[in-house]
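Working notes, beginning with the structure itself.
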Amino acid sequence: MPALASHRKPRTKVRSTTSAVGLTTVALASVTLLSTQSATAAPAEPKPAIEEVRKKVDALYRQAGAATQEYNRAKAASGTQRKKVDALLSDVAERTERINEARRALGSYAAAQYRSGGIAPTATFFLADDPQGYFDQSRLMARATERQQKAVSEFRTQQASAAKKRAEAVKSLEALTETQATLASSKKAVQSRLTEARGLLSRLTAEEKARLAELERRKEAEAREKAARLAARQAAEAKERAAAEEKAREEAAKGSGGGSGGGTGTGSGSDAGSGYAAKAEKVLAFARAQIGKPYVWGATGPSSYDCSGLTQAAWREAGVTLPRTTWDQVEFGTRVATADLRPGDLVFFYDDISHVGIYKGEGMMIHAPKPGANVREESIYSMPVYGSVRPA
């Protein structure tokens, strides 16, 4: 008997492509993802040009200089306020002791009155063994009452005075605390700016550092050229003044018949000029002796200086006490134009008056420049000039 045919359809072998499709999908997704990331990723930030770095570093040093002056002002104010607070606290202590003495006196009077029992005067008269003794005692008691009243008045006066001084001391302590907070914030600001500046410089390559040094050399050369031009103008003007003074002396001599009275008209100005020149000589001698010492913000010598610390120390040698900060020094003395600068004058820089140097003549100055640099001679045109002052 023939075998019955199967009604089942034969299975068609289907080649599995799951793995291939999966791999293809992953590959396509990866390509798409990479393409998307490449398209949407922000382009790398271009490295700043070396000139931009120089400007940024200069700006940071300038900001640090301004913060240094704020620190100097707060430090000076803190010292003054600390002395005031100490004096007030000492005064309060003395007044408190006087209050205690007055209180003890009142206590003795109160104790004496308690011991006497507070008997009425009439009763005391009748109970007294000796009426005359009563009157003597009464007069003594009257004087004692006056002393009591005086003691009470003194106590109240001392109490009010001590309260007033105590209030002043509290106020001064609050001002001192505020100044110390300013001192701390200014110090933090200086350190922050200097750290940022050092960070920018540390990231430069050797080639970039060389280019930066070249930019500085060019800037210095330009500043020296301007200084030379100023020196030439000042020399020409000085020559003209000398010729005019000589001519005036000759005319005065002719007018007086050749007598010895000529030349007195310019004597006082000449004397004043020689007096300032003598002081300026001491100032510049001191400043030259500091050349090579490092700039340290907040320093006033003798091993290091900031800019206003150097000017203050130098003029102290000439017997002139300058304020501590550039902001106060610029208000000290007589303003002079750049063209009229004389050795010893103070030259201030930037709109915020955050730097100062000592003019030495011929367009040059001695100053403590910035962190990382030493006291040196440099053209006054190395920075934008704000103005100048003749301190004495």
Side-chain angles (χ1 to χ4, degrees), residues 65 68-69 72-73 75-76 223-224 226-228 230-231 233-235 237-238 241 268-350 353-370 373-383 385-392:
T68 296
Q69 296 307 312
N72 291 340
R73 174 180 282 179
K75 187 175 182 180
R224 283 186 174 273
K226 289 184 179 180
L230 174 62
R233 286 198 305 271
Q234 288 179 329
E237 289 169 0
R241 283 196 302 271
S268 61
S270 178
D271 292 343
S274 62
Y276 182 78
K279 290 181 179 180
E281 188 176 344
K282 292 179 181 178
V283 170
L284 287 169
F286 178 88
R288 289 189 189 97
Q290 312 314 308
I291 290 176
K293 293 183 179 180
Y295 174 102
V296 174
W297 66 272
T300 57
S303 57
S304 58
Y305 298 89
D306 64 18
C307 64
S308 56
L310 176 63
T311 54
Q312 186 186 49
W315 266 99
R316 190 185 299 120
E317 288 295 304
V320 177
T321 303
L322 294 180
R324 178 63 182 92
T325 71
T326 55
W327 303 325
D328 295 323
Q329 288 180 7
V330 76
E331 301 296 336
F332 191 94
T334 306
R335 291 291 185 96
V336 292
T338 302
D340 299 327
L341 281 169
R342 288 162 56 182
D345 291 347
L346 300 180
V347 186
F348 298 87
F349 301 90
Y350 301 114
I353 323 174
S354 56
H355 192 70
V356 63
I358 304 168
Y359 190 66
K360 68 175 287 289
E362 299 182 337
M364 303 294 288
M365 66 176 170
I366 299 174
H367 70 142
K370 60 186 178 183
N374 296 331
V375 175
R376 66 192 183 202
E377 291 186 10
E378 198 164 15
S379 167
I380 63 170
Y381 293 106
S382 58
M383 293 168 280
V385 175
Y386 172 84
S388 307
V389 163
R390 188 159 297 149

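What you see is a predicted model, and the numbers here were worked out from it, not measured in a lab.
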What distance do [X] atom [atom1] and [Y] atom [atom2] have between them, rounded to the nearest 0.5 Å?
X	Y	atom1	atom2	value
Phe286	Leu310	CZ	CG	7.0 Å
Glu237	Asp340	CD	CG	7.0 Å
Glu377	Arg224	CD	CZ	8.0 Å
Phe332	Gln312	CZ	CD	10.5 Å
Ile366	Ile291	CD1	CD1	4.5 Å
Ser354	Phe348	OG	CZ	11.5 Å

- prompt: Hey, are Asp306 and Arg324 close enough for a salt bridge, meaning a charged N less than 4.0 Å from a carboxylate O?
  reply: yes
message: One thing to verify: whether Asp328 and Arg73 come together as a salt bridge, which I'm taking to mean a side-chain N less than 4.0 angstrom from a carboxylate O.
response: yes
Is there a side-chain contact between [X] and [Y] in this structure, where contact means two heavy atoms from C-beta onward sitting under 4.5 Å apart?
X	Y	value
Leu346	Ile358	yes
Trp327	Asn72	no
Tyr359	Val283	no

Minimum-distance pair of heavy atoms, taken over all atoms of [X] and [Y]:
X	Y	answer
Ala280	Pro343	CB-O, 3.1 Å
Met364	Ala227	SD-CB, 4.1 Å
Arg335	Val330	NE-O, 3.4 Å
Gly344	Pro391	O-CD, 4.2 Å
Leu341	Gln234	O-NE2, 3.4 Å
Met365	Ser382	CE-OG, 3.9 Å

Is the count of non-hydrogen atoms from other residues, nucleotides or ligands lying under 6.0 Å from [X] atom [atom1] greater than 12?
X	atom1	value
Glu362	CD	no
Lys75	NZ	no
Lys279	NZ	no
Tyr350	OH	yes

message: Is it true that Ser308 and Gln329 share a donor-acceptor pair across their side chains at a distance under 3.5 Å?
response: no
field: side-chain contact (heavy atoms from CB on, under 4.5 Å) evaluation trace for Tyr295 with Thr68
entry: CA-CA 12 Å; Tyr295 174 102; Thr68 296; 4.1 Å; yes
Donor-acceptor under 3.5 Å (Gln69 side chain, Thr325 main chain): no
Would you mind writing out the side-chain donor-acceptor pairs for residues 296-303 within the sub-3.5 Å range, not counting sequence neighbours?
none

- request: Kindly assign one of parallel, tilted or perpendicular to the pair Phe349 and His355, based on the angle between their ring planes and the thresholds 30° and 60°.
  value: tilted
